[in-house]
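Structure, as structure tokens:
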Amino acid sequence: KAKQQGRNTYEVYTEDLDRKLSQRVTLRSELQEAIEHGHLNLHYQPLINREGEVDGLEALVRWYHPTKGFISPAKFIPIAEETGQIIPLSRWVMRQACKDAQQLVAQGLLKGRMAVNLSPLQFHRPNFLSTLRNVLNETHLAPEHLELELTEGILMRDADGAIDILHALSGMGVSTAIDDFGTGFSSLSYLRDLPIDKIKIDRSFVQDAVKSDKNAAICQGVITLALELDLRVVAEGIETVEQHDYLMSLGCEVFQGYLFAKPMPLDSLITWLTQKAQMTSNV
Ligand code: C2E
Ligand code: MG
Ligand code: MG
Ligand code: MG
């Protein structure tokens, strides 16, 4: 009996694995099509300063599958990273985000920076900097309006290479932020040694800060550290007034989350930014 049960478990297991594997293979070829046919999209989420003004924007890639509907970047970005599809995908994201940012700057709707998420493969390519310079030239976006979001993993992968790239970026006037801060396993020495401008506290700490003393302590610690090191600090994933008030009381400088705005397509963003500008000029 036990033997039979064991065999059944094994079959269920392989079937499950087969299904997952074939799903990934399908997703991979569908992603290829989406990249080639321009079926990817960018949404933009505003970041808000302590005065309630727009501090900047973050570009987030979106994929609406013709039959499967919305597929989260949390699902397809790791696949794209594995297959190398992240390279053409990132190239498109960078160009589109810079183009849209330049349009917003020209319309007087963006004074801060457009933040673009970088993948490790993209960042560590030998031609990363020259590609970036080309995009800035072609889109006429001033480097002072661009920010790059890196993860701790990117800096760990090739720390020496990363230092050179970060210095070059800083020399160009492009700023950098550490995304999802606190979720990686890296040392804090890079905060001292690298020319980084901003830390984004991961939303897992932010969202539970009002419920858990441990998360509150982490938020407080990161904010104190950032302010001492002259880094700007952002709290990700603010969904409630309570979370906002609490992070404000800790001295956090910038806020991002559904409480203020969800990521939205460019046309909705333009409407949102225009209304926001009218509201502030009326008071
Ligand atoms: P991320 O860079 O940390 O982006 C923030 C994520 O938090 C976004 O998820 C955003 O929609 C979500 N978010 C913002 N405010 C709230 C909130 O109040 N509550 C909750 N629950 N979530 C909130 P999204 O768009 O699903 O992206 C997931 C991740 O995928 C990103 O995390 C980023 O790591 C990656 N990603 C997205 N776009 C790109 C891209 O163009 N290139 C690369 N390399 N990665 C990207
Ligand atoms: Mg990000
Ligand atoms: Mg983030
Ligand atoms: Mg995050």
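Order of listing sets the numbers, starting from 1, for every ligand and every atom in it. Quick note: residue numbers are just sequence positions, from 1. Please read these numbers as outputs of a predicted model, since none were measured by experiment.
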- Which atom, among the N/O/S set of Asp179, is closest to the Mg ion (ligand 2)? OD2
- Heavy-atom contacts with Pro263 under 4.0 Å: which atoms of ligand 1 show up? List them by number with element. 11 (O)
- Looking only at heavy atoms of Glu58, does any of them come nearer than 4.0 Å to an atom of ligand 1? yes
- Query: Using a distance-only test with no angle check, is there a side-chain donor-acceptor pair under 3.5 angstrom linking Gln243 and Gln207?
  - Reply: no
- What are the atoms of ligand 1, with element, lying closer than 4.0 Å to any heavy atom of Ser119? 44 (N)
- Looking only at distances, please establish whether an N/O atom of ligand 1 is found under 3.5 Å from an N/O atom of Val61. yes
- Note on the structure: Note: heavy atom closest to atom 6 (C) of ligand 1, options Gln207, Glu236, Arg203, belongs to Arg203
- Query: Looking only at non-hydrogen atoms, which of Phe255, Trp92, Tyr258 approaches atom 17 (C) of ligand 1 most closely?
  - Reply: Tyr258
- Which option, Leu40, Leu47, Asn117, owns the non-hydrogen atom nearest atom 46 (C) of ligand 1? Asn117
- Query: Does any N, O or S atom in Glu149 come within less than 2.8 Å of the Mg ion (ligand 2)?
  - Reply: yes
- side chain to side chain contact (heavy atoms under 4.5 Å, CB included) partner of Ile178, the single match among Leu155, Leu231, Val234, Leu194: Leu155
- Message: Is it true that, when you exclude Lys211 itself, more than 12 heavy atoms of the residues, nucleotides or ligands shown sit nearer than 6.0 Å to its NZ?
- Response: no
- Least distance between heavy atoms, Phe260 atom then Trp272 atom: O-CZ2, 3.7 Å
- Message: Need the ligand 1 atom indices (1-based, order shown) with element for anything under 4.0 Å from a heavy-atom of Glu239.
- Response: 17 (C), 18 (O), 19 (N), 20 (C), 21 (N)
- Query: Taking all non-hydrogen atoms of both residues, which atom of Leu250 and which atom of Ala216 are closest, and how far apart?
  - Reply: CD1-O, 4.4 Å
- Item | Ion pair check, Glu53 and Lys111, cut-off under 4.0 Å | no
- contact_flag Gln122 ligand 1 heavy-atom lt 4.0 Å: no
- Query: Any idea which atoms of ligand 1 are less than 4.0 Å away from a heavy-atom of Gln45?
  - Reply: 14 (C), 15 (N)
- Query: Considering only heavy atoms of Val93, which atoms of ligand 1 have at least one such atom less than 4.0 Å away?
  - Reply: 41 (O)
- Any idea which heavy atoms bring Cys252 and Ile223 closest together, and the distance? CB-CD1, 3.8 Å
- Query: Do any N/O atoms on Gln256 end up under 3.5 angstrom from N/O atoms on ligand 1?
  - Reply: no
- Message: Counting only heavy atoms from other residues, nucleotides and ligands, does the tally under 6.0 Å from CG of Asn137 exceed 12?
- Response: yes
- Would you mind finding which of Val116, Val206, Asp179 brings a heavy atom closest to atom 1 (P) of ligand 1? Asp179
- Query: What do you reckon, does Ser90 put a non-hydrogen atom under 4.0 Å from ligand 1?
  - Reply: no
- Around atom CD of Glu242, are there more than 12 heavy atoms of other residues, nucleotides or ligands at under 6.0 Å? no
- Numbered atoms of ligand 1 (with element) below 4.0 Å of Asp180, judged on heavy atoms: 3 (O)
- Message: Restricting to N, O or S atoms, which atom of Glu58 is closest to the Mg ion (ligand 2)?
- Response: OE2
- Polar side chain donor-acceptor pair, Gln102 to Thr139, under 3.5 angstrom: no
- Query: For residues Asn117 and Glu58, is any side-chain donor paired with an opposing acceptor at under 3.5 Å?
  - Reply: yes
